[in-house]
Amino acid sequence: MSSGCSIRAIWILNNLDAVVFSRRFPLVEKRWRAACNAHNDSDQLFSALPTHSDLTDAFLDRKHREGSAQGFGIRKSNSTLGSDSWVDDPITRHIVGLYINKEEEDIKNLLWPLILHTKGLYSILILPLVEPRHLKAYARLCKRSDCGTALGMDDGLSSLLLDLPSVTGAFMVAHAIGDIITGDTVEPEVIVSAAPSVGGLFDSLTGSIGISSRAKPVAPPVVSSSPSSTAVPGSVTADAPKIGSRPLDKDALRTFISSSMPFGTPLDLNYSNIFTIKANGFSATDLPPSDQKQPAWKPYLYKGKQRMLFTIHETIHAALYDRDEIPDTISVSGQINCRADLEGLPDVSFPLSGLHTANLEVLSYHPCAQVSDQGLDKQGVMFSPPLGNFVLMRYQATCALGPPLKGFYQLSMVSEDKGAFLFKLHLMEGYRAPLTMEFCTVTMPFPRSRIVSLDGTPSVGTVSTSEHSVEWKIVTSGRGLTGKSIEVTFPGTVKFAPWKNQRLSSSSKSSFGIIADEDSDNEVENASNMVNEEHLMEKMNKDLPPVDLEEPFCWQAYNYAKVSFKVVGASVSGIAVDPKSVSIYPAVKAPMEFSTQVTSGDYILWNTLGKCPNVASIKR
């Protein structure tokens, strides 16, 4: 059996757990049955595809057994032998097994591996082709008595999945279909200056007084079979229709599936390419050069003004504790987005620098790219660019420059309905020009408390409040911070509505907010004589309704502040592309533009005086 990716079947279920779309691939299914017959496994394995009703019953049964569609992911006291949670691996929340026509959880009824991807109101199930021995190996894991996978063991689920590239391909198919269902078929952002740079002294003078051309995102225009125009810098045009605002577009799904994975083998999952081919077709002028092979990711040859754009987009995730016993954690996820408006089928090459400085943990390239090592800190990258905007590479790295914002946040409850807080933050410490922080905002969320009043004045910026949050704008758009670091403070107090009233109001809206009246009355009476903060926090947390799992940072009533910012001018990981080192073969005159932007992801300041979640990290 080949080592590539082939899909046996696709099912899409709605929020009522009914199958609303499905597609089977008979050719791949024939290969599966042939593999079962070759190993005499036809009677031992579930070799046929289930009906819609059987699949729905099995899916509902798994939801009931595992607690939700995705399940626990870990073995719990109520996990049953043979279930996904019995394997005790979090990946089983995304790679699931269903027992079809189950009288008992036996391998004869097991359908695996099913890739489960939830997007919007829909659950997408993708069944890739694997060998019968892989299904048997998973069935053994479901019956194993020990828990989890010991370090160094080769018989765990992770080791099994490493031998299955079809699972990775199935994930890509699931995400592509999910984007089409919800209309999230968005091209990666590439930034281009709205006005050309003059350079030299003029740029230095205008930059020093805050006058500069504003960078804007550019999206590829809809490609016709004979394109003759180019996109205007700064313009944004849609490549594909949005279909998430109307019911499931089955015609769009059928077109995408039949074009992107003929006979069940994924070839090109770029929806923009598929839509463009369907809308425009091909003409006699679209023939590629006779001496060159046209790749699948470039169905049309570009014609028009030639140029190249590179954008490094990095996202910083951080958990800052300001505690000796808990180290801060900072990570950077980045990608290099590219747009190559080049005629013909040229090859582009450049040296990628900063690899050693960035201390890369994960690095992956677009299929069009080839990579060669050029030393400890450089890699040579050569690629035949696709049409329009695309992600050339993705990576996980460390923050070589350190966090753009650091400091501490403290919140202490001085009474049941009043808290005193203090921020002391350093912005852009160690950052030099041309790095610029365009904006920075700190938000204190209070999802389980209603704010009545706020008293306090920050040393810099403005403050606004809503019913459940306080927002502090430190750096506002249009007044960026360049070439210097600043220290800012914000002391204050926040007053909440009485907790008893909030509980009573919550109980009228939610079933889990109902608490015995006589108990709450007794607690309020006793609290008037107790000012001890530890007692107040314990009492308040006791009355809190359960936290939704969808809000991972909603830890008790209050305990963190979230930071949002944007930094431009250079990457914080050290990854860099020198536009002067980019070469094109055959040689053409094409201007190069390079930009970077760094944005905050989950950038959290945990309350130094409160409880906070943390995990042990490996010392290197």
Side-chain angles (χ1 to χ4, degrees), residues 179 184-197 212-223 227 229-240 242 269-273 275-276 297-315 332-343 346-350 352 354 364-369 381-395 434 436 438 566-573 575-584 588 590-599 601:
D179 291 343
D184 292 338
T185 52
V186 180
E187 293 287 333
E189 187 179 53
V190 176
I191 306 298
V192 59
S193 298
S197 174
S212 61
S213 59
R214 178 69 63 181
K216 296 183 179 180
V218 59
V222 177
V223 181
S229 61
T230 57
V232 178
S235 64
V236 180
T237 53
D239 238 6
K242 294 287 185 180
L269 298 177
N270 187 315
Y271 183 68
S272 296
N273 286 349
F275 169 76
T276 302
W297 54 77
K298 196 167 187 176
Y300 295 102
L301 299 182
Y302 177 81
K303 297 177 183 178
K305 183 179 178 181
Q306 302 189 88
R307 63 173 179 173
M308 285 207 66
L309 310 173
F310 290 94
T311 294
I312 294 182
H313 187 186
E314 294 185 335
T315 303
V332 177
S333 59
Q335 62 187 50
I336 297 181
N337 300 336
C338 180
R339 176 186 176 90
D341 291 338
L342 301 173
E343 294 186 347
D347 288 328
V348 180
S349 62
F350 65 90
L352 180 69
S364 63
Y365 287 91
H366 189 280
C368 72
V381 181
M382 184 176 71
F383 62 98
S384 176
L387 198 64
N389 301 353
F390 68 100
V391 180
L392 178 60
M393 63 170 283
R394 289 184 170 90
Y395 56 90
T436 301
E438 290 195 342
K566 181 178 179 181
V567 176
V568 298
S571 69
V572 296
S573 65
I575 292 289
V577 175
D578 183 3
K580 296 180 181 178
S581 301
V582 178
S583 61
I584 304 172
V588 295
M592 307 285 173
E593 291 195 39
F594 176 75
S595 61
T596 61
Q597 64 175 11
V598 181
T599 57

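Numbers for residues simply follow the sequence, beginning at 1. Model, not experiment: these values are computed from the prediction.
For the pair Cys368/Pro386, a side-chain contact is recorded, criterion being any heavy-atom separation below 4.5 Å from C-beta on. Taking the side chain as every heavy atom from C-beta outward, Gln597 and Val568 approach each other to under 4.5 Å. Residues Ile575 and Ile336 are in side-chain contact: their nearest non-hydrogen atoms beyond the backbone lie under 4.5 Å apart.
Judged by distance alone, the side chain of Asn389 and the main-chain N or O of Arg339 form no donor-acceptor pair under 3.5 Å. No donor-acceptor pair under 3.5 Å is formed between the side chain of Thr311 and the backbone N or O of Leu309. Under a 3.5 Å cut-off, the side chain of Glu343 and the backbone N or O of Gln306 do not form any donor-acceptor pair. Under the 3.5 Å distance criterion, the side-chain polar atoms of Tyr300 are left unmatched by any main-chain donor or acceptor of Lys303.
Scanning all heavy atoms of the two residues, the minimum distance from Pro385 to Pro346 falls at CD-O, 3.5 Å. When every heavy atom of Ala576 is checked against every heavy atom of Ile312, the shortest pair comes out as CA-CD1, 4.1 Å.
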*Taking it one step at a time, do Arg307 and Leu342 satisfy side-chain contact (heavy atoms from CB on, under 4.5 Å)?*
CA-CA 7 Å; Arg307 63 173 179 173; Leu342 301 173; over 6 Å; no
_Assess the residue pair Asn337 and Leu392 against the criterion (side-chain contact (heavy atoms from CB on, under 4.5 Å)); give the C-alpha distance rounded to whole Å, side-chain angles, the decisive distance to 0.1 Å, and a yes or no._
CA-CA 6 Å; Asn337 300 336; Leu392 178 60; over 6 Å; no
*Output, in order, the C-alpha distance, side-chain angles, deciding distance and verdict of side-chain contact (heavy atoms from CB on, under 4.5 Å) for Phe383 and Asp347.*
CA-CA 6 Å; Phe383 62 98; Asp347 288 328; over 6 Å; no
_Residue pair Met308, Glu593: steps toward the side-chain contact (heavy atoms from CB on, under 4.5 Å) verdict_ = CA-CA 6 Å; Met308 285 207 66; Glu593 291 195 39; over 6 Å; no
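Centroid-to-centroid, the aromatic rings of Phe310 and Phe350 come within less than 6.0 Å. Between Phe390 and His366, the distance from one ring center to the other falls under 6.0 angstrom.
Remark: the Glu314 side chain and the Ser573 side chain contain an N/O donor-acceptor pair separated by less than 3.5 Å. Side chains of Ser571 and Thr596: no donor on one and acceptor on the other come within 3.5 Å.
Note that OH of Tyr365 and CE of Met393 are 4.5 Å apart. Values are rounded to the nearest 0.5 Å. Here the straight-line distance linking atom CG of Asp578 with atom CG of Leu352 works out to 11.5 Å at 0.5 Å rounding.
Partners of Lys566 by salt bridge (Lys or Arg N to Asp or Glu O under 4.0 Å), not counting sequence neighbours, listed by chain and number: Glu438. The side-chain contact (heavy atoms from CB on, under 4.5 Å) check on Thr315 picks up His313, His317, Ser333, Thr599, with sequence neighbours excluded.
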